[in-house]
Number of protein chains: 2
Amino acid sequence: MEGLRDRTRRAVRAELAGRALDLFAERGFDETTVGDIARAAGMSKRSFFRYFPTKEDVVFGEIEVMGEQVAHEIATRPPQEQPWECLHTVLRGWEARINAQVDAMRLIESTPALRTRLLQKRDEARTRIVIALADRGMPPLEADLAAAAAGAALDAVAREWLRTGGTVDRLTLVDTAFTMLRPAFLT
Amino acid sequence: MEGLRDRTRRAVRAELAGRALDLFAERGFDETTVGDIARAAGMSKRSFFRYFPTKEDVVFGEIEVMGEQVAHEIATRPPQEQPWECLHTVLRGWEARINAQVDAMRLIESTPALRTRLLQKRDEARTRIVIALADRGMPPLEADLAAAAAGAALDAVAREWLRTGGTVDRLTLVDTAFTMLRPAFLT
DNA sequence: GCCATATGTGACACTCGGTGTCATATTTGG
DNA sequence: CCAAATATGACACCGAGTGTCACATATGGC
């Protein structure tokens with residue numbers, strides 16, 4: 001069960017993230033130092049890094065264990081399912097869990113350092129997905145192509161969603177992208 | 001024409017890159033400081049940054065203006081050409097210009113900081129490609145999907161090529177990937 | 001309630017990548 | 001040959017991130 005420790009930890013993390021986002025919105029990401037964030041939350045710079053590994057990560061909240069989780073879901077799917085359907089389904093479900101605020105995404109998209117961090121996370125997830133697909137018996141090249149294509153689909157979705165200001169339904173968009181991008185070689 | 005200045009500049013860059021790669025191979029990327037590289041090439045740390053914007057860039061040699069160049073090539077292609085063929089042709093030609101050594105690629109692939117830098121460069125290129133495609137009259141979502149898919153293809157190619165130790169023909173691999181990944185919605 | 005242990009925190013020093021600046025060569029083009 | 005452009009070294013500086021130590025506070029078993 002969850003003790004006092006974990007609860008306070010999560011509270012502090014939330015507090016820290018909140019203060020940070022305020023400052024980012026106010027003066028911009030690059031113009032805000034970790035020291036500023038820490039002071040705003042009433043703690044030392046050193047302690048900030050006990051809650052977040054990097055300054056960028058404060059923006060990505062709970063999205064941290066994505067790779068691990070997605071790969072696991074793929075691994076535990078019915079083995080006879082077609083790879084593209086598998087990716088579509090899993091990532092669709094994952095996309096549903098993101099009640100991503102438009103603000104955070106705009107910030108990420110307009111800040112090179114954050115965009116880079118996003119690319120890193122996606123790439124890390126892609127690596128794990130490739131392994132999961134290979135475990136299902138897919139040849140390496142095909143697994144690479146499929147995983148990279150799926151990542152490409154999600155990227156296009158995010159951008160299109162941003163373009164519309166977050167008005168259209170994100171899941172519909174995911175379905176559209178996955179349908180449009182379905183590679184010829186996948187059944 | 002090319003004066004003395006440009007020639008010496010290129011020579012110094014090459015010297016710097018050579019020394020750097022030696023050191024990276026010897027002790028690893030992270031264990032080598034910019035000061036080390038500069039000293040090995042007989043100059044100050046400050047001067048290193050007059051030749052390369054970041055420590056990572058010393059590995060990527062001439063691959064710097066990729067985005068700009070590729071976008072320009074796309075823009076100057078016959079307008080009636082199908083987008084996927086266009087991307088295929090342009091990136092194929094670009095891939096041909098890379099006499100990428102296996103060693104450099106291995107280094108990149110096994111060093112997170114370098115892998116990240118590669119992702120950045122690819123993403124920057126992708127952005128420009130999307131613009132170029134949009135200028136050709138492609139709807140934004142489709143342009144995003146196509147550009148991201150093309151990037152995905154190249155990534156898979158690079159990885160497969162590495163997997164084989166650089167033995168197979170890279171251009172054939174590019175053709176295979178582009179054929180396999182061709183999205184359904186592109187004619 | 002008590003105590004040994006684990007965990008959180010601040011403070012401080014340090015490394016390293018990267019930038020601004022200035023003074024001083026060296027090169028270039030006229 | 002001379003004035004303007006460019007290259008260099010030296011130095012100071014910033015900010016992200018880490019190691020360490022001393023001290024406080026919480027935890028779980030008794």
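Chain A is the first sequence line, chain B the second, and so forth, proteins listed ahead of strands; every chain is numbered from 1.
Relative orientation of the F178(B) and W84(B) rings is tilted, given thresholds of 30° and 60° on the angle between their planes.
Atoms CG and CZ, on D144(B) and R126(B) in that order, are 6.0 Å from each other to the nearest 0.5 Å.
Atom C1' of nucleotide dT27(C) and atom CZ of R9(B) are separated by 15 Å, given to the nearest angstrom. Taking atom CZ of F49(B) as the reference point, atom C1' of dA10(D) lies 16 Å away to the nearest angstrom. R7(A) places its CZ atom 16 Å from the C1' atom of dG8(C), with the value rounded to the nearest Å. Distance, D30(A) CG to dA16(D) C1': 12 Å, rounded to whole Å. With rounding to whole Å, F48(B) atom CZ is found 14 Å from dG9(D) atom P.
Contacts of residues 35-43 of chain A with DNA chain D (heavy atom under 4.0 Å): none.
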Inset, instruction - Take T54(A) and D57(A) through the side-chain hydrogen bond (donor to acceptor under 3.5 Å, both in side chains) test and state the conclusion after the steps. - result: CA-CA 5 Å; T54(A) 73; D57(A) 280 292; 2.6 Å; yes
Inset, instruction - Start with the C-alpha gap between E124(A) and R128(A), add the side-chain angles, then the distance that decides, and say whether salt bridge (Lys or Arg N to Asp or Glu O under 4.0 Å) holds. - result: CA-CA 7 Å; E124(A) 194 249 352; R128(A) 291 173 189 269; 2.8 Å; yes
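By the 4.5 Å heavy-atom criterion applied to side chains, V34(B) and F52(B) are not counted as neighbours.
Taking 4.0 angstrom as the limit, Y51(B) places none of its side-chain polar atoms (N or O) nearer than this to OP1 or OP2 of dG18(C).
The residues E56(A) and R115(A) are annotated as not salt-bridged, no charged nitrogen and carboxylate oxygen being separated by less than 4.0 angstrom.
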Legend entry - Per-nucleotide protein contact string for nucleotides 11-16 of chain C (B base, S sugar-phosphate only, - none; heavy atom under 4.0 Å): B----S
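A cation-pi arrangement, defined by a distance under 6.0 Å to the six-membered ring centre and an angle within 45 degrees of its axis, is absent between R117(A) and F60(A).
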Acceptor/donor pairs from residues 25-32 of chain A side chains to any protein atom, 3.5 angstrom cut, sequence neighbours excluded:
| from | atom 1 | to | atom 2 | distance (Å) |
| --- | --- | --- | --- | --- |
| R27(A) | NH1 | D36(A) | OD2 | 2.9 |
| T32(A) | OG1 | G28(A) | O | 2.8 |

